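In what follows, a single structure is set out as structure tokens and then discussed.
All values derive from a computational prediction rather than experimental measurement.
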Amino acid sequence: MKNLCIIPARGGSKRIPRKNVKPFMGKPIIAYSIEAALQSGLFQEVMVSTDDEEIAEIAKKYGAKVPFMRSKETSNDFAGTDDVLLEVIAEYKKIGKEFDILCCLYSTAPFVTPQRLIEAFGKLNTTIDFVFTCVAYSYPIQRGLHIVNGKISMLWPEYVNARSQDLETSYHDAGQFYFARVASYLEEKTLWGKNTVGLILSELEVQDLDTITDWKLAEMKYNLLHP
């Protein structure tokens, strides 16, 4: 099988300017994703999809390919990940390259490891077409609260007396990477198709990076994982 790793990295990040190449523990954060993908040995091609020349140069410095730049249509604030992936697949097809498996690996995933990529890839089989990372909620969502007209109440009052340990564990997307069979992805146009399984990560391996506080928390977690 031919496997492609796509690392989306737009230049116009708003909440943390230049986030995709911001230094994280001594090197541009995108370098962690590129290095993990290369070291996994899974991919015939590790590429970065970007509209930004600086990001492209940094990506190539760390070993990724940038065979073409992202279009204006997939570089604006309204373009989604699927728009980017479909464009990449189409552009590769124009130059005579087609792949069986794709991995969408986000550029701000400093906790990703070659081992986790290999583990996720191993979950693809004749009945599984998609795999993505997830993490358990730290507190049962069944005990969630909301505030209406200034007053607080339970979202699900039937669980008011339930013990936390008796409630089913719930998970959310960890936002690190997604594997997909290209044929299934092109058919379903989503990374969460009918036959999808999750790779469960620990809380220590997951951190949103939308604010400077998030960034500092990620650095703390990284230090705990790499003493």
Side-chain angles (χ1 to χ4, degrees), residues 1-14 18-21 28-38 40-109 112 117 120-121 123-133 173-197 199:
M1 290 190 297
K2 292 183 179 180
N3 304 331
L4 169 66
C5 181
I6 304 170
I7 302 175
R10 189 168 67 95
S13 54
K14 296 290 193 297
R18 309 299 294 164
K19 178 170 73 170
N20 291 317
V21 290
I29 196 165
I30 193 174
Y32 293 89
S33 296
I34 294 170
E35 291 174 344
L38 292 170
S40 74
L42 292 172
F43 306 104
Q44 281 68 49
E45 190 118 353
V46 176
M47 71 87 67
V48 169
S49 171
T50 187
D51 60 331
D52 187 283
E53 292 292 346
E54 181 192 10
I55 293 175
E57 288 305 310
I58 290 173
K60 287 185 279 191
K61 175 184 174 182
Y62 283 93
K65 295 183 179 179
V66 187
F68 38 80
M69 299 297 285
R70 192 183 293 193
S71 69
K72 289 183 179 179
E73 290 74 20
T74 58
S75 300
N76 61 49
D77 292 337
F78 304 102
T81 298
D82 290 321
D83 298 315
V84 174
L85 301 183
L86 291 169
E87 178 180 73
V88 169
I89 293 169
E91 289 298 315
Y92 268 113
K93 189 172 183 177
K94 287 179 184 177
I95 60 176
K97 288 188 176 182
E98 297 189 57
F99 298 89
D100 302 298
I101 304 292
L102 72 82
C103 174
C104 173
L105 171 56
Y106 284 133
S107 57
T108 52
V112 69
L117 289 168
F121 178 75
K123 289 179 177 287
L124 293 170
N125 57 40
T126 54
T127 61
I128 300 301
D129 297 321
F130 304 89
V131 181
F132 68 84
T133 54
D173 183 356
Q176 283 193 5
F177 61 83
Y178 310 77
F179 275 94
R181 295 189 184 282
V182 172
S184 298
Y185 178 68
L186 291 175
E187 179 183 346
E188 302 192 41
K189 303 294 192 298
T190 176
L191 291 168
W192 190 340
K194 293 189 291 289
N195 301 310
T196 304
V197 298
L199 176 70

Please enumerate all residues that pass side chain to side chain donor-acceptor pair (under 3.5 Å) together with [X], with sequence neighbours excluded.
{"X": "Tyr106", "value": "Thr81"}
{"X": "Glu54", "value": "Arg18"}
{"X": "Thr108", "value": "none"}
{"X": "Ser107", "value": "Asn20"}

Between [X] and [Y], is any pair of side-chain heavy atoms under 4.5 Å apart?
{"X": "Leu86", "Y": "Tyr185", "result": "yes"}
{"X": "Ser184", "Y": "Asn195", "result": "no"}
{"X": "Ile7", "Y": "Val46", "result": "yes"}
{"X": "Val88", "Y": "Leu102", "result": "no"}

Salt bridge (Lys or Arg N to Asp or Glu O under 4.0 Å) pairs touching residues 183-196, sequence neighbours excluded, are Glu188-Lys194
Would you name the heavy atoms of [X] and [Y] that are closest together and state the gap between them?
{"X": "Ile6", "Y": "Ser49", "value": "CG2-CB, 4.4 Å"}
{"X": "Leu105", "Y": "Ala37", "value": "CD2-CB, 4.1 Å"}
{"X": "Arg10", "Y": "Arg70", "value": "CB-NH1, 3.6 Å"}
{"X": "Leu199", "Y": "Lys123", "value": "CD1-CE, 3.7 Å"}
{"X": "Met47", "Y": "Leu4", "value": "CG-CD1, 4.0 Å"}
{"X": "Ala79", "Y": "Ser75", "value": "CB-N, 4.5 Å"}

With a 3.5 Å cut-off and sequence neighbours excluded, list the donor-acceptor pairs that the side chains of residues 55-65 form with protein atoms.
from: Glu57; atom 1: OE2; to: Lys60; atom 2: NZ; distance (Å): 3.3

Asp83: salt bridge (Lys or Arg N to Asp or Glu O under 4.0 Å) partners, not counting sequence neighbours:
none
All salt bridge (Lys or Arg N to Asp or Glu O under 4.0 Å) counterparts of Lys72, not counting sequence neighbours
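Partners of Lys72 under the salt bridge (Lys or Arg N to Asp or Glu O under 4.0 Å) test: none.
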Run the numbers on Cys103 and Leu117 for side chain to side chain contact (heavy atoms under 4.5 Å, CB included), then give the verdict.
CA-CA 9 Å; Cys103 174; Leu117 289 168; 4.2 Å; yes
Which residues pass the side-chain contact (heavy atoms from CB on, under 4.5 Å) test with Thr196, sequence neighbours left out?
Phe130, Phe132, Trp192
Only pairs at least two apart or in different chains count here, so list each side-chain hydrogen bond (donor to acceptor under 3.5 Å, both in side chains) that has a residue in residues 85-96.
Glu45-Tyr92, Ser71-Glu87, Thr74-Glu87, Glu91-Lys94
Cut-off 3.5 Å, no hydrogens considered: what does the side-chain donor-acceptor table look like for residues 174-183, sequence neighbours left out?
from: Gln176; atom 1: NE2; to: Glu205; atom 2: O; distance (Å): 2.6
from: Tyr178; atom 1: OH; to: Asp173; atom 2: OD1; distance (Å): 3.3
from: Tyr178; atom 1: OH; to: Asp173; atom 2: OD2; distance (Å): 2.7
from: Arg181; atom 1: NE; to: Ile128; atom 2: O; distance (Å): 3.3
from: Arg181; atom 1: NE; to: Asp129; atom 2: OD1; distance (Å): 3.4
from: Arg181; atom 1: NH2; to: Asn125; atom 2: O; distance (Å): 2.8

Counting heavy atoms not belonging to Gln44, are there more than 12 under 6.0 Å from its CD?
yes
How far apart are the C-alpha atoms of Leu191 and Leu85, what are their side-chain angles, what is the distance that settles it, and do they pass the side chain to side chain contact (heavy atoms under 4.5 Å, CB included) test?
CA-CA 10 Å; Leu191 291 168; Leu85 301 183; 3.7 Å; yes
